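For reference, the structure is listed below as structure tokens.
Nothing fancy with the numbering, it's 1 onward along the sequence. These numbers were taken from a predicted model, which means no experiment stands behind them.
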Amino acid sequence: MTEKVLVSSYQPYNVKLVQLFAKNHGWQPCIWFTADENRDQVNECFPDCVQYDFFCVIKGVLPSGLNETDLRLPAPDELRIMAEYEMDFLYRLERNDSNYSAFEYKARLAFYYRCVALWMYLLKKHEISIILFEEEPHQAADFGLYVTAKLLNISTAMMTRTVADLGVLPLKDYRVGSPLLVAKYAALLEQGWDTYPIDSGVQAYIDTLNSDYQRVLATHLWDQVEEYNSLTSQRRMPSISVRRLISRISLGLGVVRRVVFNTSIRSDQYKPGFTLQTSHYTYREYILNKLRAIRVKKELKKAYSELAITDLAALPQQKKIIYLALQYQPEKSTSPLAGRFVDQGYMVKFLAATAGEDWHIVVKEHPSQFIDSYTRFGECLRNANYYRELAALPNVSLMSLEFDSFRLMGLASAVASAGGTVCWEAVARGLPAITFAHCWFKACHGVFYIDSSQDLREALSEIDAGFKPALGKVRCFAQVVKDFGFNGAIGGRASLDYKGLTDEDNAEVHYQALAQLLGYSAHSLS
């Protein structure tokens, strides 16, 4: 049976992955999102496949041969079916509005209608039966594709990251997660978790999570450790490695050359007075926006630091503490995975109001929110008033970036986040965790997933009564994830290099995972 497929990924390993599915299971890629990384490969391996430039996808620029008059906007009944996803789509457009914060609600809504209309047309025209995403949709446009697939009952498949030590997992729906894993773990909790064999790698990983914070940071945030540590330091002139210095000098020389020639650049950012499709930037505009973003980040860090507590003795001494770690935004961990709690200010206020005066919530910003290399986004979802409002809540304190997560966990009865890895670290260290987002560890013993006031009240009641995760059950969950996971990587070359994988290696890992997910009998390459 031929499966007509749309591929939403420009990673080279996914070309090799689809070759395996084409050979063994009759996949016929009909539409492929391409960029420089995979364009020639797709053309060589699947010459009849329609290539859709990834930047054009993001911006809603129509593919060649398609006219505006071909699109039919979604009807009200169709929009009602997709209504639960609409807010997530509109919020994702923050990622495309980092320069001016000028992408207004009406324009975003029009872009949503346009995206759904575009995907309805293409999916029906090409009779697509499976959409392969690289991972959970990151951009508004590919999230719109995911939503339209729901409307048309088209199958979706994707991979999700856990942590490097436990591998990656195949999913059909990011809200549901891995049904086989969840069912297996639930059965073990009923009987057998204490005799489930734990391999030495999982035990070593759990031991690492119970060790020094810097070791854990190197494991979970391996590509940002140096800049992260520089930001959390209060030194006026943080140290810089020779490697970073050389990289910055080389980058600076390249910037000077491009500023002089003022070449146009490919940008996915909205420009006031235009639609997203017609927004364009020169390199000088890009640099000016980048410099402004860096300045705003420094001002935000200063505003946050002035409000943050630097002396733990200033915290209330007679109250139970919840450590709430904010997530870097905009990213998939909060949009779409956190739903309404993508607004983390709302999340803090919701927790503070429900917890009441018997609890005190210590909130720490994610240091990556202030990292210069993330200047495309991070500053657009925060402002000084955001931090002032949180600090003004009577049972909330902002905490200095100098305090690492483990030190704050030492004060707390529970840890909370919109799906951050900090919650996983907490249960591995014997603390209950409150997650406001869908995440790979949501089913783990000791993790309370919050989707309502009742969920939160019940979680706080259990924690107040002294609940602590059983470390054996958490260790069992880690082993089940590793057993059901696959030792692959998601993303670009750096992610594969970190795990020592070639494109061929990674393609086979993903093939085995997705074949299992889709109910195929996988054929090993070895």
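With values rounded to the nearest 0.5 angstrom, Gln327 atom CD is found 11.5 Å from Lys332 atom NZ. Summarising the geometry, atom CZ belonging to Phe133 is positioned 5.5 Å from atom OG belonging to Ser8; distances are rounded to the nearest 0.5 Å. The line from CG of Leu393 to CD1 of Ile361 is 8.0 Å long, rounded to the nearest 0.5 Å. Atoms CG and CG, from Leu122 and Leu118 in turn, are 4.5 Å apart once rounded to the nearest 0.5 Å. Note that CZ of Phe89 is 5.0 Å distant from CG of Leu93, once rounded to the nearest 0.5 Å. The distance from atom CG of Leu401 to atom CD of Gln369, rounded to the nearest 0.5 Å, is 11.0 Å.
Under a cut-off of 6.0 angstrom, the local environment of CD in Glu44 is sparse, with at most 12 non-hydrogen atoms contributed by other residues, nucleotides or ligands. Within 6.0 Å of CZ on Arg266 lie more than 12 heavy atoms contributed by other residues, nucleotides or ligands. Taking a 6.0 Å sphere around NZ of Lys298, one finds it holds 12 or fewer heavy atoms contributed by other residues, nucleotides or ligands.
Of the possible donor and acceptor atoms, one in the side chain of Ser129 sits under 3.5 Å from a partner among the backbone N and O of Lys4. Side-chain atoms of Gln269 come within 3.5 Å of backbone N or O of Ser98 as a donor-acceptor pair. When atom types are taken as modelled, the side chain of Lys442 and the backbone of Val176 share no donor-acceptor pair closer than 3.5 angstrom. Between the side chain of Asn506 and the backbone N or O of Leu501 there is no donor-acceptor pair closer than 3.5 Å. Side-chain atoms of Asp497 never come within 3.5 Å of backbone atoms of Ala494 as a donor-acceptor pair (strictly under, hydrogens ignored). Under the 3.5 Å distance criterion, the side-chain polar atoms of Asp88 are left unmatched by any main-chain donor or acceptor of Tyr85. Within the 3.5 Å criterion, the main-chain N or O of Glu285 finds a donor-acceptor partner in the side chain of Thr282. Within the 3.5 Å criterion, the main-chain N or O of Val509 finds no donor-acceptor partner in the side chain of Gln512. Counting only distance, with no hydrogens or angles, the side chain of Ser279 and the backbone of Lys271 share a donor-acceptor pair below 3.5 Å. A donor-acceptor pair is defined here as one N or O able to donate and one able to accept, closer than 3.5 Å; no such pair exists between the side chain of Thr278 and the backbone of Phe274.
Using cut-offs of 30° and 60° for the angle between ring planes, the Tyr286 and Tyr283 rings count as tilted. Ring-plane geometry between Tyr174 and Phe143 is classed as tilted, the angle between the planes lying from 30 to 60 degrees on a 0 to 90 degree scale. Below 30°, between 30° and 60°, or above 60°: for Tyr304 and Phe370 the angle between ring planes is between 30° and 60°, a tilted geometry.
A 4.5 Å side-chain heavy-atom check between Ile130 and Ile154 finds every atom pair outside the cut-off. Side-chain contact check for His280 versus Lys59: some heavy-atom pair is nearer than 4.5 Å. Between Asp268 and Gln139, some side-chain heavy-atom pair lies under the 4.5 Å cut-off. The closest side-chain heavy-atom distance from Tyr281 to Ser264 is not below 4.5 Å.
Only one option out of Leu166, Val163, Asp165 pairs with Val481 in a side chain to side chain contact (heavy atoms under 4.5 Å, CB included); it is Leu166. A salt bridge (Lys or Arg N to Asp or Glu O under 4.0 Å) with Arg382 holds for exactly one of Glu299, Glu389, Glu365; it is Glu365.
Residue Gly420 comes nearest to Ser417 through the heavy atom pair N-OG, 3.1 Å, listed as atom of the first residue, atom of the second, then distance. What you find for Ala437 and Gly419 is that their closest heavy atoms are CB-N, 3.7 Å. Taking each heavy atom of Met159 and Ala513 in turn, the nearest pair found is CE-CB, 3.6 Å. Contact between Leu514 and Met158 at its shortest, heavy atoms only, is CD2-O, 4.0 Å. Nearest approach of Val57 to Ala141, heavy atoms of both residues: O-CB, 3.1 Å. Across every non-hydrogen atom of Glu508 and Leu20, the tightest pair is CA-CD1, 4.3 Å.
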Take Ile450 and Phe350 through the test side-chain contact (heavy atoms from CB on, under 4.5 Å) and record every step on the way to the result.
-> CA-CA 11 Å; Ile450 306 303; Phe350 177 69; 4.2 Å; yes
After noting the C-alpha distance and the side-chain angles of Arg92 and Glu331, does the key distance pass the salt bridge (Lys or Arg N to Asp or Glu O under 4.0 Å) rule?
-> CA-CA 9 Å; Arg92 283 238 55 75; Glu331 263 298 355; 5.4 Å; no
Please step through ring pair (Phe, Tyr, Trp, His ring centres under 6.0 Å) for the pair Phe341 and Tyr346, ending with a clear verdict.
-> CA-CA 7 Å; Phe341 294 114; Tyr346 163 64; 5.4 Å; yes
Checking side-chain contact (heavy atoms from CB on, under 4.5 Å) for the pair Thr275/Phe111: CA distance, chi angles, key distance, verdict?
-> CA-CA 9 Å; Thr275 64; Phe111 188 74; over 6 Å; no
Given the rule in the ring pair (Phe, Tyr, Trp, His ring centres under 6.0 Å) test, do Tyr449 and His438 qualify, once you have shown the distances and angles that lead to the verdict?
-> CA-CA 8 Å; Tyr449 169 65; His438 301 286; 5.1 Å; yes
Lys499/Asp505 under salt bridge (Lys or Arg N to Asp or Glu O under 4.0 Å): CA gap, chis, key distance, verdict | CA-CA 11 Å; Lys499 301 207 73 171; Asp505 295 335; over 6 Å; no
Show the numbers, then the answer: is there a side-chain hydrogen bond (donor to acceptor under 3.5 Å, both in side chains) between Gln329 and Ser335?
-> CA-CA 8 Å; Gln329 291 181 290; Ser335 178; over 6 Å; no
Using the side-chain contact (heavy atoms from CB on, under 4.5 Å) rule, take Leu17 and Leu132 through it: C-alpha gap first, then chi angles, then the decisive distance, then the call.
-> CA-CA 11 Å; Leu17 167 67; Leu132 175 64; 3.9 Å; yes
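Evaluation of the side-chain hydrogen bond (donor to acceptor under 3.5 Å, both in side chains) test over residues 111-126, restricted to residues two or more places apart or in two chains, returns Glu68-Arg114.
Taking the ring axis of Tyr323 as reference, the NZ or CZ atom of Lys364 does not stay both within 45° of it and closer than 6.0 Å to the ring centre.
Under the 4.0 Å criterion applied to side-chain N and carboxylate O atoms, Glu136 and Arg161 are not assigned as salt-bridge partners. A salt bridge links Lys150 with Asp173; the closest basic N to acidic carboxylate O contact falls under 4.0 Å. Ion pair Arg340/Asp451 not flagged as a salt bridge, since none of the NZ, NE, NH1 or NH2 atoms sits closer than 4.0 Å to an Asp/Glu carboxylate oxygen.
Here Phe486 and His510 keep their ring centres 6.0 angstrom or further from each other. A ring-centre distance under 6.0 Å is not found for Tyr52 and Trp32. Between Phe103 and Tyr270, the gap from one ring centroid to the other is short of 6.0 Å.
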